[in-house]
Chemist: 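Provided herewith is a single structure, encoded as structure tokens, for subsequent inquiry.
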Amino acid sequence: MRYKIKYLILIFSFGLIFYSCKNEKANPEFIERLASIENGLPSPYFNYYLYFKTDDDKLIETNITFLYKLYQDHYVETYKNNLNAFLTDLFTQNNPLKIEEIDIYKNKGYFLNIYDIDKKISNMNIKNIKKRYLKSEQESFILIPKDLSSMSSLKTVLYEMFSNGYLITMNDYGGGYYNIEKFESK
């Protein structure tokens with residue numbers, strides 16, 4: 001009986017840890033900032049690259065401008081005019097983006113790219129991804145695209161970093177690399 005109780009406590013603890021790690025990806029303060037696009041004004045966060053899985057197990061690289069358009073056209077009623085709830089579901093992967101809805105916007109001037117997921121990279125832990133693919137610079141990292149063998153590998157690294165609470169931007173001076181820094185509350 002004593003071992004059963006310890007076993008149950010152990011399972012409960014792992015479940016709690018797993019749940020808290022999963023929700024760490026949905027930083028409410030960052031989501032609130034992204035959701036500030038409401039009232040038709042351009043988001044001050046349009047320059048952040050955002051990465052999410054799609055319903056066909058690919059990943060999309062986009063920005064808040066496209067997500068807001070998708071939300072307005074397909075999800076505003078489902079989420080009862082709550083962009084924050086829509087974004088939270090994307091971050092927690094509770095409601096992956098539907099590829100058929102995304103395809104409607106291809107070639108219409110929105111920033112959106114679809115990539116296959118590099119399974120080798122997606123199976124690595126974040127510490128190994130940092131060590132193998134990123135260059136550390138003070139309190140952030142840089143990723144130089146030429147250091148990866150394919151576009152899918154590059155985007156998978158960026159997706160994994162984004163999924164673990166990092167902000168992704170392209171450098172402003174020449175576009176030769178990505179800046180990656182941990183989101184910090186301000």
Side-chain angles (χ1 to χ4, degrees), residues 13-37 42-54 57-68 84 86-94 96-97 102 110-186:
S13 297
F14 280 124
L16 189 61
I17 290 168
F18 176 76
Y19 179 76
S20 68
C21 289
K22 182 179 177 188
N23 283 337
E24 181 181 305
K25 295 178 182 182
N27 184 312
E29 187 174 336
F30 182 57
I31 291 170
E32 185 67 36
R33 288 182 186 186
L34 287 174
S36 69
I37 193 172
S43 173
Y45 303 102
F46 72 92
N47 62 327
Y48 288 128
Y49 287 45
L50 308 176
Y51 299 85
F52 301 101
K53 281 190 179 177
T54 62
D57 205 32
K58 293 189 184 282
L59 63 89
I60 181 172
E61 173 186 58
T62 190
N63 61 16
I64 190 61
T65 304
F66 172 71
L67 291 178
Y68 184 65
N84 196 311
F86 170 71
L87 292 173
T88 299
D89 273 359
L90 287 180
F91 274 81
T92 58
Q93 299 179 17
N94 288 337
L97 293 171
I102 295 168
Y110 291 100
F111 175 65
L112 68 110
N113 299 300
I114 307 294
Y115 299 97
D116 290 321
I117 295 172
D118 183 321
K119 298 295 184 193
K120 184 182 105 184
I121 293 172
S122 71
N123 289 330
M124 295 173 70
N125 66 38
I126 199 70
K127 183 178 178 184
N128 288 337
I129 289 173
K130 288 178 188 176
K131 185 177 178 180
R132 184 163 182 182
Y133 299 109
L134 304 178
K135 293 182 178 27
S136 181
E137 290 220 339
Q138 297 168 352
E139 295 180 18
S140 64
F141 299 93
I142 62 169
L143 173 64
I144 301 172
K146 67 179 176 131
D147 293 345
L148 284 131
S149 61
S150 71
M151 192 58 77
S152 290
S153 298
L154 169 70
K155 301 307 178 174
T156 302
V157 168
L158 294 171
Y159 165 75
E160 292 298 330
M161 296 303 291
F162 179 78
S163 294
N164 282 278
Y166 287 83
L167 302 177
I168 315 291
T169 56
M170 185 65 106
N171 87 329
D172 291 339
Y173 305 106
Y177 61 88
Y178 292 88
N179 295 314
I180 303 169
E181 62 184 70
K182 191 75 171 167
F183 175 78
E184 299 292 335
S185 299
K186 294 182 181 178

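A quick note: this is a predicted structure, and the numbers were derived from the prediction, not measured.
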Chemist: Just how far is it from atom CD1 of Ile168 to atom CG of Leu158, taken to the nearest 0.5 Å?
Modeler: 5.0 Å
Chemist: Decide side chain to side chain contact (heavy atoms under 4.5 Å, CB included) for Gln93 and Lys53; before the verdict, give the C-alpha distance in whole Å, the side-chain angles of both, and the deciding distance to 0.1 Å.
Modeler: CA-CA 7 Å; Gln93 299 179 17; Lys53 281 190 179 177; 4.2 Å; yes
Chemist: Would you check, one step at a time, whether the test side chain to side chain contact (heavy atoms under 4.5 Å, CB included) holds for Met151 with Tyr115?
Modeler: CA-CA 8 Å; Met151 192 58 77; Tyr115 299 97; 3.2 Å; yes
Chemist: Where is the tightest heavy-atom contact between Pro96 and Thr54, given as atom of each residue plus distance?
Modeler: CB-C, 3.9 Å
Chemist: Can you confirm whether Ile126 sits close enough to Met161 that some side-chain heavy atom of one is under 4.5 Å from a side-chain heavy atom of the other?
Modeler: yes
Chemist: Listing request: all side-chain hydrogen bond (donor to acceptor under 3.5 Å, both in side chains) pairs with a residue in residues 132-143, at least two apart in sequence or in separate chains.
Modeler: Lys135-Asp147
Chemist: For Asp118, what residues pass the side-chain hydrogen bond (donor to acceptor under 3.5 Å, both in side chains) criterion, not counting sequence neighbours?
Modeler: Ser153
Chemist: Do the non-hydrogen side-chain atoms of Tyr45 and Ser36 ever get within less than 4.5 Å of each other?
Modeler: yes
Chemist: Are Pro145 and Tyr178 side-chain neighbours, meaning at least one heavy-atom pair lies under 4.5 Å?
Modeler: yes
Chemist: Quick one: closest heavy-atom pair of Tyr177 and Met170, and the distance?
Modeler: O-SD, 3.1 Å
Chemist: Please confirm whether the backbone N or O of Met124 pairs with a side-chain atom of Asn128, one donor and one acceptor, at under 3.5 Å?
Modeler: no
Chemist: Hey, what do you get for CG (Leu67) to CG (Leu112), rounding to the nearest 0.5 Å?
Modeler: 9.5 Å
Chemist: Please check if the distance between the ring centroids of Phe162 and Phe91 is under 6.0 Å.
Modeler: yes
Chemist: Under a 4.5 Å cut-off applied to non-hydrogen side-chain atoms, are Glu32 and Asn84 in contact?
Modeler: yes
Chemist: Would you check if the side chain of Thr62 reaches a backbone N or O of Phe66 as a donor-acceptor pair within less than 3.5 Å?
Modeler: no
Chemist: Any idea which heavy atoms bring Asp116 and Thr156 closest together, and the distance?
Modeler: O-OG1, 3.9 Å
Chemist: Please name all residues satisfying side-chain hydrogen bond (donor to acceptor under 3.5 Å, both in side chains) with Asp57, sequence neighbours left out, ordered by chain then number.
Modeler: Lys119
Chemist: Checking side chain to side chain contact (heavy atoms under 4.5 Å, CB included) for the pair Tyr166/Phe141: CA distance, chi angles, key distance, verdict?
Modeler: CA-CA 10 Å; Tyr166 287 83; Phe141 299 93; 3.9 Å; yes
Chemist: Determine, using ring centers only, whether Phe111 and Tyr49 are less than 6.0 Å apart.
Modeler: yes
Chemist: Working note: Leu59 + Lys155, criterion side chain to side chain contact (heavy atoms under 4.5 Å, CB included); need CA distance, chi angles, decisive distance, verdict.
Modeler: CA-CA 8 Å; Leu59 63 89; Lys155 301 307 178 174; 4.0 Å; yes
Chemist: With a 4.5 Å heavy-atom cut-off, do Val157 and Ile129 have their side chains touching?
Modeler: yes
Chemist: To the nearest 0.5 Å, how far apart are OH in Tyr48 and OG1 in Thr65?
Modeler: 13.5 Å
Chemist: Look at the rings of Phe30 and Phe183 and say which category their plane angle falls in: under 30° parallel, 30 to 60° tilted, over 60° perpendicular.
Modeler: tilted
Chemist: Hey, does Ile180 have a side-chain heavy atom less than 4.5 Å from the side chain of Ile142?
Modeler: no
Chemist: For the atom pair CD1 (Ile60) and CD1 (Ile114), what is the distance rounded to the nearest 0.5 Å?
Modeler: 4.0 Å
Chemist: Tell me if a side-chain donor or acceptor on Lys182 pairs with a main-chain N or O of Leu167 at a distance below 3.5 Å.
Modeler: no
Chemist: As an exercise, state the distance from CG of Asn63 to CG of Asn47, rounded to the nearest 0.5 Å.
Modeler: 9.0 Å
Chemist: Starting at CG of Leu34, measure out to CG of Leu87 and round the result to the nearest 0.5 Å.
Modeler: 6.0 Å
